[in-house]
Amino acid sequence: MDDEYAKLIRRMNPPRVVIDNNSCEDATVIQVDSVNKHGILLEVVQVLIDMNLTITKAYIISDGGWFMDVFNVIDCDGKKIREKEVIDYIKRRLESNASFSSSFRESVGFMPSNEHTSIELSGTDRPGLLSEVCAVLADLHCNVVNAEIWTHNARAAAVVHVTDDTTGQAIKDPNRLATIRDLLCNVLRADGDVNTAKMTLSPPGVTNRDRRLHQIMFADRDYERVDKEEIGRMHDQSTRPLVTVMDCYEKDYTIVTMRSKDRPKLLFDIVCTLTDMQYVVFHGMVNTGRKEAYQEFYIRHVDGLPIGSEAERERITQCLEAAIERRASEGLELELCAEDRAGLLADITRAFRENGLCIKRAEISTTDGKAKGTFYVSDVTGSPVDLKIIESIRRQIGPSMLRMKHNSLLTPKQPQETTAGFLFGNFFRTRNFQNFKLVRSAS
């Protein structure tokens, strides 16, 4: 009965969205008012991320059964959203309860069509792993149509969409799927990773692909630190995110603050992790500037209680650090653009492996006969890549197919300049939303 009543309340009070291009000089302001429910913040942020929007500031209130959020957003060119068609589309998606489901483009799982088979992989990361996976799929006549690969703390996870390279349809034969599973598991277990190496077909349902990768990594416990020597090799300590977890006794909240290098989808990654860990954000703010992001959330567990033990405090700190680091762009960024063909990804990743490059993260897609992708690579020691090696690879696979974009390992480190103290320190004294909007306008 409680569920039915909650559904009735949501139907009677659909989300209300205001999109404003006048109140902020350098961003479009999107205000969302809605009946509150667990996970609604993640759903709203996901809609904005699916539209390739960057969130530069955000103010979150979800007390008293009502959800009121304000987001400052810019497009991929750093400009306001001006096109009426785009503004209307964002508004329709945010105001329709049904539209909060993830977009088809970013989903994994069995779809009600014959378009592709979705495969999930996880195991110990090592040089050449993606090349070996792609080689197995090519030998089994599987064409990779979309893929995303993350590595973190010596662990690797991937969501790969494949089709039969002859029919172009999803692979459904149980015997063939069993063969694919067995051979891929053999690749993942090559380093003796018998207990944690996994290859599965994506579970039924529609889950955002990025969220699924977070869930795979979390289940694989990538947030647990490996030995100090390995950490020193994989991460420059000065670029690590700073996460603090403290008590707010006055209002019975736990305060979580995060300071890190800014990047696309950072807010989504943090909110996704908090939601999947069964925490609720009651108040929060996000502020970005000078390539650094500061986020502050007042949270409780879904049972209404704040964090109650040092072990839980340590766990949420580790998990949020991992959420921020997983998608961090380490190494040399390479952009792929080529005519799609069977075995293309296997050939390119083999060229990387034969030239001593490690793939730290990758995203590949195919559309209308074109294959596009982004690879972040380093050498096997984690050092910057010799550009002569890249030129050699370009000559090997075709100069027009691969180009360099950015090398994060050579980027000067930015000083950390963020105002100390809690930006919500006096927030609870002004619960009226009109007062909240005045505070926002002055910031």
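Quick note: residue numbers are just sequence positions, from 1.
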Practice task
Would you check, one step at a time, whether the test side-chain contact (heavy atoms from CB on, under 4.5 Å) holds for V159 with I216?
Solution key: CA-CA 9 Å; V159 174; I216 295 169; 4.1 Å; yes
Practice task
With side-chain hydrogen bond (donor to acceptor under 3.5 Å, both in side chains) as the test, would you mind laying out the steps for R155 and T124 before giving the verdict?
Solution key: CA-CA 5 Å; R155 307 303 301 169; T124 300; 2.7 Å; yes
May I ask you to decide if [Y]'s main-chain N or O and [X]'s side chain share a donor-acceptor pair within less than 3.5 Å?
X    : Y    : answer
S118 : H161 : no
T288 : D262 : no
S62  : V281 : yes

Shortest non-hydrogen separation from [X] to [Y] and the atoms involved:
X    : Y    : value
P384 : D379 : O-OD2, 4.1 Å
T349 : S131 : OG1-CA, 3.4 Å
T366 : V145 : OG1-O, 2.8 Å
N153 : D222 : ND2-O, 2.9 Å
T254 : I307 : OG1-N, 2.8 Å
C319 : T273 : O-CG2, 4.0 Å

Are any of the side-chain nitrogens in [X] or [Y] under 4.0 Å away from the carboxylate oxygens of its partner?
X    : Y    : answer
K372 : E363 : no
K261 : E292 : no
R16  : E95  : no
R327 : D210 : yes
D26  : K79  : no
D247 : R313 : yes
E296 : R259 : no
K84  : D88  : yes

Quick one: pull up [atom1] in [X] and [atom2] in [Y] and give me the separation to the nearest 0.5 Å.
X    : Y    : atom1 : atom2 : answer
D77  : N52  : CG    : CG    : 10.5 Å
F375 : I149 : CZ    : CD1   : 7.5 Å
K57  : L267 : NZ    : CG    : 14.5 Å
L129 : R353 : CG    : CZ    : 11.0 Å
L130 : R126 : CG    : CZ    : 11.0 Å
I171 : L177 : CD1   : CG    : 6.5 Å

Would you indicate whether the side-chain heavy atoms of [Y] and [X] approach each other to under 4.5 Å?
X    : Y    : result
L332 : L357 : no
W150 : H214 : yes
D50  : N208 : yes
I90  : M51  : yes
V73  : I81  : yes
V18  : I30  : no
L48  : I55  : yes
H38  : V280 : yes

Exercise for the section: Kindly determine whether D276 and R211 satisfy salt bridge (charged side-chain N to carboxylate O under 4.0 Å, His left out), including the steps that lead there. Expected result: CA-CA 9 Å; D276 285 338; R211 185 177 185 183; 2.5 Å; yes
Practice task
Report the residue from R326, E325, R361 that forms a side-chain hydrogen bond (donor to acceptor under 3.5 Å, both in side chains) with H152.
Solution key: E325
Practice task
Show your reasoning for whether side-chain contact (heavy atoms from CB on, under 4.5 Å) applies to I324 and L266.
Solution key: CA-CA 7 Å; I324 295 169; L266 178 61; 4.0 Å; yes
Practice task
Indicate, with yes or no, if the rings of Y253 and H283 have centres closer together than 6.0 Å.
Solution key: yes
Any side-chain donor near an acceptor of the partner, [X] and [Y], under 3.5 Å:
X    : Y    : answer
Q318 : R315 : no
H116 : N146 : no
S122 : D220 : no

Handout entry: Verdict with reasoning, R240 to E321, per side-chain contact (heavy atoms from CB on, under 4.5 Å)
Key = CA-CA 8 Å; R240 291 277 310 281; E321 288 175 348; 3.2 Å; yes
Practice task
Apply side-chain hydrogen bond (donor to acceptor under 3.5 Å, both in side chains) to the pair T244 and T257, showing each step before the final yes or no.
Solution key: CA-CA 5 Å; T244 59; T257 67; 2.2 Å; yes
Handout entry: Cation-pi check, R300 onto F282 ring (under 6.0 Å, within 45° of axis)
Key = yes
Handout entry: side-chain contact (heavy atoms from CB on, under 4.5 Å), paired with L137, selected from L184, N143, L345
Key = L184
Problem - side-chain contact (heavy atoms from CB on, under 4.5 Å) between F67 and V32, worked out - result: CA-CA 8 Å; F67 172 86; V32 183; 4.2 Å; yes
